[in-house]
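Bear in mind that the values here come from a model prediction, so they are computed numbers and not experimental data. In this chain, residues are counted from 1 in sequence order.
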Amino acid sequence: MHRVFLIGTILLLAAIYLIFGYWSYPVFEGDSIYFGPTAINTMHGKPLINEINAIGHAIDPGQHRLIFYPPLYPLLLAAISPTATPRGLDLALAGIDIVTLILTSLLLVRIVNSSEQISKWRLSVATALALCGLSTTLLANDFRPETPLRPIVLLIAVLMYFMRARADSLPFAIVLGIFLGSIGSMHITAAALVAGLIALYIFYSVPWKRGLLNLGVIGLTAAISFALIVSLTPYGLPTTLNGIADHFTLIYKKGLSWSFLYYHFFAPNTTFYGLLAILSVVLLGLYSFIHRSSIKSPLFFTSFFIAFLVIAFGAVAPRHLSYIYIFAPLMFIAVATAAIKSRYKALRVLSWTTLTLTCIGFIRLLYLFPLYATEGISLDEARESFLRLTKSSHVSDLFLVTQRMWPLTENYSLIEEPREDLSNANRLLIRQQFSTGETKAPQVANGSCTLVEENYARGKVALWRLPIANTIPGYGYAVYRCKK
């Protein structure tokens, strides 16, 4: 019966993912403007072209090539999307997330069942909670490359788990290097983080001299794989590397803000994920201490462990909030395993509590979906409204769209992200209804832009008088005419 419960949970979550994907819910997040239009253009025969995002205009003015990010992710998205539309992309991402769910549950069940007898119902409930908590971030709809990277990281974890007895194998090192190069072809920083995790595994399992040799093989194979993959993409290796370097210069000018604490603990897409990440690190440290006699290269392992924590949580997590959650499935596996098997009662209680708290974001999404479908403005409604607007506007009008509004059309000659002071623009601006409690269109550019049309959802959302959303979710927007 416990197997039926677990399989039923996975099937139910998969159905939810597909339904949400079909409805384009939740609303696309900001970074989707970089990858969504690029994938759709690629499917229309314009590979890696994105003429609407502001960063692309700054780094590659005039040509609109997506060269500021590794190219494999939008190409992959274009290859697996059933249609060249935002809905098609959403369904493709839902399919990837379902694969992540299945791999997470299989690896968790395998790890827990590999030792002493445990309660099958406890395993099933812990796995179900882990998958629900994982769904909080899988359903973020941010369109970022972290989505396909999660199942790849899980595949690496599966390989490392089953190859424990042959961790010193050079062919195994080459396979890991190929995986790492593939990750780099989607996300450079993610590849660095995964490399750190692989180094911990190597020095745990292999004496340091052999470990350094294997890491060298992994690094060389990763570099060759990355270079080959990128060289086969439309703009080649040198152009892509130059664009990525320019992008790094831009993003690392950003200062730090204490808002990252809100993101890691209370943001709807990562509710209590900060607690999940901290507990995962504690569990890794505790496991390493308990099994310290099994560590083959203790000095190197400890050094890399400290360096990994400093880089991942001191440098990456505060600036680039979502990057460390490529490891979210592994974090849930670790915490669920501790909830089931830990010998320490306090740790078991904390693990069960963490699994439960991370489900809050997912439960919130489920509660808001009927409101989105009945009272919010769906993507189909917003697209129909935009089509009417284009027919009534002057043929030369170019629409400036804020980041979440790119799915209004696939005719990207009509839209672009604002790149200048709006008070100096001579354009129609389509501004999304922000989820901060806006119920009426605000003044824009100190009144330099005149409100033309408003398509807003009204009202706030509460559960038993407890506010759970400032705004009914949807694709509401206001249209302004900005004049010089």
Side-chain angles (χ1 to χ4, degrees), residues 21 28-44 46-53 55-56 59-60 64-82 84-86 88-100 137-138 140-156 178-195 222 225-237 239-241 243-248 251 316 320-329 403 406-407:
F28 298 144
E29 291 295 331
D31 283 358
S32 61
I33 196 171
Y34 306 127
F35 305 108
T38 306
I40 289 174
N41 272 334
T42 299
M43 297 175 76
H44 285 149
K46 297 189 292 183
L48 296 180
I49 295 294
N50 188 325
E51 55 267 76
I52 67 176
N53 78 88
I55 292 180
I59 291 177
D60 190 40
H64 314 305
R65 298 172 299 177
L66 187 80
I67 58 173
F68 61 87
Y69 226 88
L72 187 57
Y73 170 55
L75 294 175
L76 172 66
L77 197 54
I80 65 175
S81 177
T85 62
L89 299 180
D90 233 352
L91 288 170
L93 292 173
I96 294 174
D97 287 334
I98 291 169
V99 172
T100 300
T137 200
L138 293 188
N141 223 2
D142 56 9
F143 266 73
R144 288 190 50 80
E146 285 85 352
T147 298
L149 289 181
R150 291 187 189 102
I152 294 176
V153 169
L154 279 166
L155 287 174
I156 291 174
I178 293 172
F179 270 111
L180 195 58
S182 301
I183 292 173
S185 303
M186 298 189 205
H187 196 311
I188 297 291
T189 306
L193 292 174
V194 175
S225 301
F226 171 82
L228 285 175
I229 292 170
V230 176
S231 296
L232 294 173
T233 60
Y235 307 119
L237 186 62
T239 299
T240 302
L241 289 178
I244 292 171
D246 290 341
H247 187 211
F248 265 70
I251 62 176
V316 175
H320 309 288
L321 305 177
S322 63
Y323 288 10
I324 64 169
Y325 296 125
I326 58 170
F327 300 123
Q403 285 187 323
W406 67 267

- Message: For the OH atom of Tyr69 and the OG atom of Ser185, what is their distance to the nearest 0.5 Å?
- Response: 13.0 Å
- Query: Pro407 and Phe28: which non-hydrogen atoms are nearest, and at how many Å?
  - Reply: CG-CD1, 2.9 Å
- Message: Nearest 0.5 angstrom please: Ile67 CD1 to Ile59 CD1, how far?
- Response: 7.0 Å
- Rounding to 0.5 Å, atoms NE2 (His44) and NZ (Lys46) come to a distance of 8.5 Å
- Message: Consider side-chain hydrogen bond (donor to acceptor under 3.5 Å, both in side chains). Of Thr239, Asn50, Thr38, Asp60, which one does Arg65 pass it with?
- Response: Asp60
- Item | Rounded distance [0.5 Å steps], CD1 in Ile156 versus CZ in Phe179 | 6.0 Å
- Would you call Val230 and Pro70 a side-chain contact if the rule is heavy atoms closer than 4.5 Å? no
- Item | With sequence neighbours excluded, residues passing side chain to side chain donor-acceptor pair (under 3.5 Å) with Ser32 | Trp406
- Task: Mind checking the CG-OG1 spacing from Leu138 to Thr147? Nearest 0.5 Å is all I need.
- Result: 7.5 Å
- Query: So do Leu149 and Tyr323 actually touch side chain to side chain, heavy atoms under 4.5 Å?
  - Reply: no
- Item | Heavy-atom side-chain contact between Arg150 and Thr137 under 4.5 Å | yes
- Task: Quick one: pull up CG in Leu66 and OH in Tyr34 and give me the separation to the nearest 0.5 Å.
- Result: 10.5 Å
- Message: So Leu193 and Phe327, do their side chains get closer than 4.5 Å, heavy atoms only?
- Response: yes
- With side chains defined as the heavy atoms from C-beta onward, is the minimum distance between Leu237 and Thr240 less than 4.5 Å? no
- Query: Can you find a heavy atom in the side chain of Ile183 that is under 4.5 Å from one in the side chain of Ile326?
  - Reply: no
- Residues forming a side chain to side chain donor-acceptor pair (under 3.5 Å) with Asp97, sequence neighbours excluded: none
- Task: Would you check if the side chain of Asn41 reaches a backbone N or O of Ile49 as a donor-acceptor pair within less than 3.5 Å?
- Result: yes
- Message: Minimum heavy-atom separation for Pro37 and Ile52, please, with both atom names.
- Response: CG-CD1, 3.6 Å
- Query: With a 4.5 Å heavy-atom cut-off, do His187 and Arg144 have their side chains touching?
  - Reply: yes
- Looking only at heavy atoms, the pair that brings Pro47 and Tyr235 closest together is O-OH, 2.8 Å
- Item | Taking every non-hydrogen atom, the tightest pair across Ala227 and Ser231 | O-OG, 2.6 Å
Got a list of side-chain donor-acceptor pairs under 3.5 Å for residues 71-82, not counting sequence neighbours?
| from | atom 1 | to | atom 2 | distance (Å) |
| --- | --- | --- | --- | --- |
| Tyr73 | OH | Phe143 | O | 2.7 |
| Ser81 | OG | Thr83 | O | 2.7 |
| Ser81 | OG | Gly88 | O | 3.2 |
| Ser81 | OG | Leu89 | N | 3.3 |

- Could you check Leu180 against Ser225 for side chain to side chain contact (heavy atoms under 4.5 Å, CB included), going step by step and ending with a plain yes or no? CA-CA 8 Å; Leu180 195 58; Ser225 301; over 6 Å; no
- Task: With the side chain counted from C-beta on, respond yes when Glu146 and Tyr325 share a heavy-atom pair under 4.5 Å apart, and no when they do not.
- Result: no
